[in-house]
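Right, one structure below, let's go through it.
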Amino acid sequence: MRSALASVGLKLHKSSTPLTLCGRDELREASRHNFHNERPILGLARWSTTTAASGQVIAREFNDILIQKHLPEEHFRTVAIHELTHAWFFYNNYRDLPLEVEEGMCVMMEYIWLKNQDTKDAEFRRMAIESSDDPVYGLGFQKARAALKLMPLKTLLIFIKERKKFPTRWSAFFFQ
């Protein structure tokens with residue numbers, strides 16, 4: 001899955017991304033977000049940050065990726081792509097992104113990978129992503145997909161890092 005991400009320009013190089021299979025309860029307990037209580041959580045990326053008394057970040061460490069055990073292989077791979085995208089954001093110092101932006105881009109990477117899979121399950125998952133009305137994942141994906149039509153992925157990633165939002169048609173036109 002690391003090579004699948006690398007094929008679209010998101011290289012993790014030799015960054016450590018340990019992966020642990022676990023149960024849904026452990027995933028829920030490890031989650032940093034309360035919206036996971038409304039739907040099943042299948043994976044998450046964990047990292048830690050050490051701050052000084054002033055609030056300045058003095059150390060950051062990627063811990064691991066948790067993925068629910070017993071998922072079918074293609075579903076596992078989709079979750080792995082999503083969580084590895086979070087790892088890529090971490091290792092490339094994308095900080096304080098709004099959830100809609102970061103999750104939207106992670107779902108976009110899932111979607112891109114699924115487009116290259118010729119199975120009924122992949123088709124079903126793509127359709128579920130396209131039709132999701134989830135305010136974080138669904139709307140985030142829709143905005144990420146629209147942004148990708150405005151600029152290449154590499155440029156979009158630079159824009160997001162600098163501006164912490166998706167581009168509008170005008171901001172994309174005038175960006176670099």
Side-chain angles (χ1 to χ4, degrees), residues 1-13 15 17 19 31-33 35-36 38-47 62 65 67 71-176:
M1 299 323 300
R2 290 169 65 99
S3 61
L5 269 182
S7 73
V8 294
L10 277 70
K11 293 182 177 123
L12 285 163
H13 302 289
S15 303
T17 51
L19 191 141
S31 177
R32 298 178 299 273
H33 308 296
F35 57 81
H36 288 305
E38 299 164 15
R39 59 187 46 84
I41 178 172
L42 300 175
L44 62 86
R46 297 192 298 185
W47 56 85
F62 190 88
I65 291 173
I67 296 181
L71 292 175
E73 182 180 353
E74 192 170 84
H75 199 170
F76 168 85
R77 290 180 180 275
T78 304
V79 174
I81 282 279
H82 183 106
E83 300 308 329
L84 285 168
T85 304
H86 283 298
W88 186 88
F89 281 134
F90 175 86
Y91 283 118
N92 288 279
N93 293 311
Y94 282 68
R95 297 185 187 185
D96 304 318
L97 290 178
L99 275 178
E100 178 183 79
V101 173
E102 185 165 347
E103 296 296 351
M105 290 301 295
C106 292
V107 175
M108 172 59 78
M109 300 316 295
E110 288 179 50
Y111 186 82
I112 289 170
W113 182 78
L114 285 166
K115 284 187 80 154
N116 293 317
Q117 309 308 306
D118 189 23
T119 66
K120 293 224 181 269
D121 188 47
E123 182 182 346
F124 172 80
R125 291 190 193 293
R126 281 194 316 269
M127 289 175 39
I129 288 171
E130 290 171 353
S131 61
S132 173
D133 61 357
D134 181 276
V136 174
Y137 295 90
L139 188 56
F141 165 75
Q142 292 164 16
K143 289 182 177 182
R145 188 178 192 192
L148 197 54
K149 292 178 182 176
L150 299 174
M151 56 182 55
L153 180 60
K154 185 176 181 177
T155 307
L156 175 59
L157 290 167
I158 293 167
F159 184 96
I160 287 170
K161 187 172 191 176
E162 289 180 9
R163 310 259 176 104
K164 302 195 182 317
K165 63 182 182 178
F166 290 118
T168 64
R169 184 174 299 153
W170 285 107
S171 63
F173 179 78
F174 289 107
F175 189 75
Q176 293 188 3

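Keep in mind that this is a model prediction, so the values were computed, not measured. Nothing fancy with the numbering, it's 1 onward along the sequence.
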[atom2] on [Y] to [atom1] on [X], rounded to 0.5 Å:
X      : Y      : atom1 : atom2 : value
Leu153 : Ile158 : CG    : CD1   : 10.0 Å
Asp121 : Glu123 : CG    : CD    : 10.0 Å
Ser3   : Lys11  : OG    : NZ    : 11.5 Å
Glu103 : Thr85  : CD    : OG1   : 10.0 Å
Glu100 : Asp134 : CD    : CG    : 10.0 Å
Ile65  : Leu84  : CD1   : CG    : 4.0 Å

Checklist entry - Without hydrogens or angle criteria, can the side chains of Arg2 and Thr17 be said to hold a donor-acceptor pair below 3.5 Å? => result yes

Specify the closest pair of heavy atoms between [X] and [Y], including all atoms of both residues, with the distance to one decimal.
X      : Y      : value
Leu12  : Ala87  : CD2-C, 4.1 Å
Ile67  : Leu71  : CG2-CD1, 3.9 Å
Gln142 : Ser132 : NE2-O, 3.0 Å
Lys164 : Val101 : O-CG2, 4.2 Å
Glu83  : Ala45  : OE1-N, 3.0 Å
Met108 : Ala144 : CE-C, 3.5 Å

Item to check | Within 6.0 Å of CG in Asp133, more than 12 heavy atoms from elsewhere | outcome: no

Item to check | Lys161 atom NZ, neighbour heavy-atom count above 12 within 6.0 Å | outcome: yes

How about [X] and [Y]: do any of their side-chain heavy atoms sit closer than 4.5 Å?
X      : Y      : result
Phe76  : Leu19  : yes
Asn92  : Leu157 : no
Leu114 : Ile81  : no
Thr78  : Leu42  : no
Met105 : Trp88  : no
Lys165 : Lys143 : no

Checklist entry - Can we say Glu73 and Arg77 salt-bridge, meaning some charged N sits less than 4.0 Å from an Asp/Glu carboxylate O? => result yes

Item to check | With Tyr111, the side-chain hydrogen bond (donor to acceptor under 3.5 Å, both in side chains) member among His82, Arg125, Arg145 | outcome: Arg145

Next on the checklist: Given 3.5 Å as the limit, does a donor-acceptor pair link the side chain of Ser171 with the main chain of Pro167, or not?
Outcome noted: no

Next on the checklist: Please check this pair: side chain of Ser7 against backbone of Ala4, looking for a donor-acceptor N/O pair closer than 3.5 Å.
Outcome noted: yes

Next on the checklist: Working note: Glu74 + Trp113, criterion side chain to side chain contact (heavy atoms under 4.5 Å, CB included); need CA distance, chi angles, decisive distance, verdict.
Outcome noted: CA-CA 10 Å; Glu74 192 170 84; Trp113 182 78; 3.9 Å; yes

Item to check | Parallel, tilted or perpendicular: rings of Phe173 and Trp170 (30°, 60°) | outcome: perpendicular

Checklist entry - Which class fits the ring pair Phe159 and Phe175: parallel under 30°, tilted 30 to 60°, perpendicular over 60°? => result perpendicular

